[in-house]
Amino acid sequence: MKSIEFGDLPKRFNINERELHWRKRWSEMGVEKRDPNAPREKSFVIDSPPPTVSGSLHIGHIFSYTHQDLLARYKRMTGMNVAYPMGWDDNGLPTERRVQNYFSVRAERNVPYIENLDVEAKRAELGLKKDRQLVINRQNFIELCRVVTEMDEIVFKQMFDRMGYSIDWNDEYATIDDKSRRIAQRSFLDLYQKNHVYQLESPTMWDVDFQTAVAQAEVEDREKGGAYHDIKFGVFEEDAPVKSFVISTTRPELLAACVGITAHPDDERFKGLFGKHAVTPGFFAKVPIFPSTEADPEKGTGILMVCTFGDQTDVAWWREEGLELRQILGRNGRILDHQFGGDDGWASTNPEKANENYQTIVGKRIPSAKSLVVDLMRDPANSATGNGAPLQDEPKQILHPVRYYEKGDSPLEYLTTRQWFVRMLDKTDQMIEMGRKINWHPEFMRKRFENWTENLNVDWCISRQRYFGVPIPVWYPLDDQSEPQYDQAIIATPDMLPVDPESVAAPGYDESQRGVAGGFAGEPDIFDTWFTSSLSPQTVARWGDEDDQMNTLFPMDVRPQGHDIIRTWAFYTIAKAMLHQESVPWHNINLSGWVLDPDRKKMSKSKGNVVTPVDTLDRFGADAVRYWSASFKLGTDASHDEAIFKIGGKLVTKLYNAGKFVLGQTADDGPIVNELDLAFIAELKEVVRIAGEAFEKFEFSVALQETEKFFWGAFTDNYIELLKRRSRSEDDPAGRASAVATLRLGLNVVLRLFAPIVPTITDEIWSWVFAEETGHLSIHKAAWPTPEELDSIPAPDVAGSFQAACDAISAIRKAKSESSVSLNRELLSLVLEADELGQSDLRLVLDDVAAAGGAESIGFAKGTPTADWRYTAHIEAAEAPEKK
RNA sequence: GGGCGAUUAGCUCAGUUGGUUAGAGCACCUGCCUUACAAGCAGGGGGUCGUAGGUUCGAAUCCUACAUCGCCCACCA
């Protein structure tokens, strides 16, 4: 029997050094490799989240990615073929922004492409100052995006490797790579064919800084300062002013875009106005006054102006009432030039004054347009009633919620633009049905999904006016005026994918026909990044490709993700699987919590409270960080508490030392026969059962807690201490062999229970003896322990033997502690006070307890258990041995 | 305003379908250099389980209301 020499091992376990060793070994042994031919029912497939590659990973990533790896390692040990892919979400705005800052460049259309662009050289050539952006071609920009994301991906990969994530890098993908682009475009083709997508020119939420449309899911409200401006309008009948009213608006800059007035139909103050016309101050446009139940009599003055477009309700009113369109805001967030006075929707009763006023704001951005219009409203000459200044009082400052693109810095506007949409509003019931076929962990998170789905109010806008992303594979024929015929879209054919319509000619056309009358134009827009990342299951399974593995990988088993992206990633992924495969994308969704700083605030870059994992890893090691992550339930926010890393570190040290002790036993093992040993194995069997059941339910924190409690309490503090003398005893070879066998079996099983959580230290100890003994060179290739595996060990004669032994040794320690006697001091006499049951439970393990207590034998006295103690020890200690 | 979650020891958290006397770790106090481990071990103190009602033989656990904190959504006149 093999054993280790203590002298061969360092006194302390150097986790950082051993991590490097084991990461290399695992990769050599192919621990993470999956078998592509394994049947679906023997596979466990993880839809791992592709992290946004935009700089650095923070401790929150580590927290949730660890949760996935725990399951991957557990499932692998149970014999499942684990598919654990990794993607990089590198397309999209975060990368564009990063590239802009990193190289100080900006992409624009109609700029020539430069082969092998050297940004620095080009800047020098043009004599650009540091703060000036170099304007480059879109293709050049995309190439720079790739450079930056590839650098970041290397760093991310190193971090994942250091954490010991058993990712199968054969299944690596990036949302910008050919495979992802091909499958995203295939998804579009399929949706188009099934009539789930459409394009529409309509008012859409627009970010004026990024100059792109955004989807409902990417919108967030922010509390911002604003002001109510009370402005007087005139009411006209037959071109004569008959009355006036005052509206209260926070957006006076949209006055020129006012196309209607509304109030609640039951509002007595305004009942007489409906059907009449109002005239706007300053721009003298005649606009209809109509009733609407959407108007709230309690808000503002109860009557309000409808503009094209201030918000979502404006859009609805504009549609329902068939109002004029006066779009005054351009895509760049500046006021467009227009002339009042024509019949084209810009009619005015005083065009001259209207134009004079309007020209003051043309070209301005919203904040300055706002204050300019307010100035105009102070001028009585701009009154619509000829009765004093339109502005009634000084503006009243308020705080109110304003819609923002989640990555943007300016409020969202509604602009009329042509966009592509996926029809979702007609499928909310089906979506909720799909959600119910998926197990949510924790269950209450399902409610978030259902709330969001029920409250959807626009279809999914999937087109973005950006550069670095997957192109929409569509062209439009040009008429003889070179105008695109949007209603005759030419869709790419399946064999063309992936395709960039801006560089490849439309089917049936020649490149020379690009942009010329009677020719074609490529769709310049790209997809929303979620359009691609929502296909992560299909991408990993190579849906529709030659090596399609949908049959063996889809639907997947589990989607791990954060709960903040239920409405985006989870929602869209469920939608895609439903629309393409009429299936759930996975059977389970695991929602990890967030990492909170010590003030219980979410860690985020903007708050500047982000902890980078490198420092934590250097100090505590990957196993300790994994321990921290594993100790929180799914869905629970975790505190970044150093104390927990320390405990994880202590567990690693303890495992190392326990391993040294157990495997350092040089005596031969033999059949497990002693009562205490049998009782110990019975306890172990129970822990194995609980831990396995917990892992099956993704409750790794329960498995960890039970295993840890057993290891630390039952195994090291009690069992090893009870056994020490017998395991060295020359007089009792059978008992000694039984002890050694039990210690080894106990360690072997406990290591495997801990292996998914602390993979480095467990594999280290495993390698000393067990690797060779079992033939499994890595513990991560060994089998997860089962209760059945321990069935060959007979049950103890007395069910309570182990607990009784622990309780008795505790009583003896208490007595020694109270007399300030060293715990290993020999006892001249030892008498235990116990009731009959207590004596009976202890009868078969007396020798071990006596030996552990340092006594020749144990006497009993009649006693009754107290609240805390079954046994009370009475001791007479021997003289302390002389100190050396 | 709608929805969800949390509230247990000084701190961080467990507490299974209601069931003896509510647990762990950290911190604190006391003792112990014990040939696996002093980065250790042993012992100890510390909680009217957010508040108020209710159901029950029995409630941290189930019901109702309230309070505080957090999150999701809605709220731009």
Side-chain angles (χ1 to χ4, degrees), chain A residues 6 9 11-13 220-224 226 228-229 247-251 254 261-263 294-296 299-307 310-314 398 400-403 411-412 442 444-452 454-455 457 563-564 566-567 593-594 596 598 600-602 631-633 635-644 646-647 649-650 652-665 690 693-694 699 701-702 705-706 708-709 712-713 716-717 720-721 724 728 809-810 812-825 854 866-868 883:
Chain A
F6 286 179
L9 297 171
K11 187 148 171 75
R12 298 246 159 79
F13 180 69
E220 65 181 27
D221 284 359
R222 296 183 199 159
E223 198 72 19
K224 290 285 169 178
Y228 275 124
H229 301 76
I247 59 124
S248 197
T249 182
T250 56
R251 305 213 51 188
L254 290 179
I261 297 290
T262 190
E294 291 297 300
D296 180 357
K299 270 192 178 175
T301 54
I303 189 163
L304 67 138
M305 64 172 182
V306 179
C307 305
D311 60 25
Q312 188 79 44
T313 13
D314 278 352
I398 54 156
H400 65 157
V402 182
R403 300 189 129 180
L412 285 174
F444 69 81
M445 290 289 184
R446 178 202 308 278
K447 202 83 185 164
R448 299 251 179 113
F449 169 77
E450 293 189 356
N451 276 354
W452 173 258
E454 283 160 3
N455 292 329
N457 57 37
H563 54 74
D564 50 335
I566 288 174
R567 69 176 182 177
W594 285 331
L596 306 176
R600 307 209 56 78
K601 294 273 177 271
K602 186 193 173 187
S631 61
F632 292 91
K633 290 186 290 195
T636 307
D637 292 342
S639 49
H640 187 263
D641 187 351
E642 260 193 22
I644 303 180
K646 280 187 189 157
I647 300 166
K650 283 184 184 180
V652 169
T653 306
K654 190 76 172 176
L655 278 166
Y656 181 75
N657 285 315
K660 268 199 324 193
F661 174 78
V662 171
L663 298 175
Q665 301 297 324
I690 293 171
E693 282 176 9
E699 292 173 357
S701 65
V702 173
Q705 193 179 308
E706 287 297 320
E708 195 182 8
K709 198 171 84 186
W712 216 290
T716 63
D717 288 347
I720 287 184
E721 294 303 324
K724 267 186 178 164
R728 290 175 189 138
I809 195 71
S810 281
I812 298 164
R813 287 165 177 164
K814 183 178 163 73
K816 284 185 170 175
S817 188
E818 280 169 356
S819 342
S820 295
V821 165
S822 164
L823 291 177
N824 70 339
R825 181 90 64 89
T866 68
D868 296 318
K883 287 187 180 174

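All values derive from a computational prediction rather than experimental measurement. Naming: A, B, ... by sequence-line order, numbering from 1 per chain.
Atom-to-atom, CZ of A:F444 to P of B:G5 comes out at 7 Å; the value is rounded to the nearest Å. The interatomic distance linking A:K654 (NZ) with B:C37 (P) rounds to 10 Å, in whole Å. Taking atom CD1 on A:I398 and atom C1' on B:C75, their separation rounds to 12 Å, with Å as the unit. Atom-to-atom, NE2 of A:H563 to C1' of B:C73 comes out at 15 Å; the value is rounded to the nearest Å. Atom CD1 of A:I720 is separated from atom P of B:G40 by 15 Å (rounded to the nearest Å). Counting to the nearest Å, the C1' atom of B:G25 and the CD1 atom of A:I644 are 9 Å from each other. With rounding to whole Å, A:E706 atom CD is found 14 Å from B:G25 atom P. The separation between A:W452 atom CH2 and B:G2 atom C1' is 15 Å, rounded to whole Å.
Counting only heavy atoms from C-beta outward, the side chains of A:Y228 and A:T249 never approach each other to under 4.5 Å. Taking the side chain as every heavy atom from C-beta outward, A:H640 and A:L596 never approach each other to under 4.5 Å.
When distances are taken from the side chain of A:K447 to each of B:C4, B:G43, B:A39, the shortest belongs to B:C4. With B:C13, B:A36, B:C76 as the choices, the nucleotide that has an atom nearest any side-chain atom of A:E721 turns out to be B:A36. In the set B:G3, B:A36, B:C76, the nucleotide with an atom closest to the side chain of A:N451 is B:G3. For A:L823, whose side chain is taken as the heavy atoms from C-beta onward, the closest listed nucleotide among B:C76, B:A42, B:A36 is B:A42. With distances taken from any side-chain atom of A:T653 to the nucleotides B:G43, B:A39, B:C71, the minimum falls on B:A39.
Note on A:R728: only backbone sugar-phosphate atoms sit closer than 4.0 angstrom, heavy atoms only; bases stay farther off. Residue contacts shown for A:K650 are limited to sugar-phosphate atoms, with no base heavy atom under 4.0 Å away. Within 4.0 Å (heavy atoms only), A:D221 reaches at least one base atom of the nucleic acid. In this structure, A:R403 reaches the bases: a heavy-atom distance under 4.0 Å links it to at least one base atom across the strands shown. Base engagement by A:K299 is indicated by at least one non-hydrogen atom pair under 4.0 Å involving a base atom. Backbone-only engagement by A:D717 is indicated by non-hydrogen atom pairs under 4.0 Å involving sugar-phosphate atoms exclusively. At the heavy-atom level, A:Y656 lies nowhere under 4.0 Å from the strands shown. Across all strands shown, A:N824 has heavy atoms under 4.0 Å from sugar-phosphate atoms exclusively, and none from any base. Counting non-hydrogen atoms under 4.0 angstrom, A:K633 reaches the backbone sugars and phosphates but no base.
Phosphate proximity of B:G43 to A:S810: present, with a side-chain N or O under 4.0 Å from OP1 or OP2. One finds no side-chain N or O of A:R448 lying less than 4.0 angstrom from the OP1 or OP2 phosphate oxygen of B:C71. When the side-chain nitrogen and oxygen atoms of A:K814 are compared with OP1 and OP2 of B:G44, one or more of them lie within a distance under 4.0 Å. Remark: A:S631 is not in phosphate contact with B:C13, judged by side-chain N or O atoms under 4.0 Å from OP1 or OP2. The phosphate of B:C41 (OP1 or OP2) has a side-chain N or O of A:W712 nearer than 4.0 angstrom. Between A:K660 and B:U35 there is no side-chain polar atom (N or O) within less than 4.0 angstrom of OP1 or OP2.
Each of A:V662 and A:S817 was matched to the nucleotide of RNA chain B holding its nearest heavy atom; the match closer to the 5' end belongs to A:V662. Comparing A:N457 and A:D641, the nucleotide of RNA chain B nearest to each residue sits closer to the 5' end for A:D641.
Figure legend. B:G50 is base-paired to B:C66; pairs are counted as Watson-Crick or G-U wobble with both atom distances under 3.5 Å. Nucleotide B:C75 has no partner under the Watson-Crick or G-U criteria, as no pair reaches both atom distances under 3.5 Å. Base-pair partner of B:U20: not found among the strands shown (Watson-Crick or G-U wobble, both distances under 3.5 Å). Nucleotide B:C33 forms a pair with no other nucleotide shown, judged by Watson-Crick or G-U wobble geometry with both contacts under 3.5 Å. Base pairing annotation: B:A60 forms no Watson-Crick or G-U wobble pair, as no partner gives both donor-acceptor distances under 3.5 Å. Nucleotide B:A27 forms no Watson-Crick or G-U wobble pair with any nucleotide shown, as no partner meets the under 3.5 Å limit on both distances. In this structure B:A9 sits in no base pair that meets the Watson-Crick or G-U test at under 3.5 Å.
Rounded to whole Å, the C1' atom of B:U51 lies 22 Å from the corresponding atom of B:G10.
Looking only at distances, no side-chain donor or acceptor of A:K816 sits under 3.5 Å from a matching main-chain atom of A:V821. Between the side chain of A:D637 and the backbone N or O of A:G593 there is no donor-acceptor pair closer than 3.5 Å.
Side-chain atoms of A:N455 and base atoms of B:C73 include no donor and acceptor less than 3.5 Å apart.
We find the CD1-CG distance between A:I809 and A:D717 to be 11.5 Å, quoted to the nearest 0.5 Å.
Geometrically, A:K660 does not engage A:F13 in a cation-pi contact defined by less than 6.0 Å to the ring centre and at most 45° from the axis.
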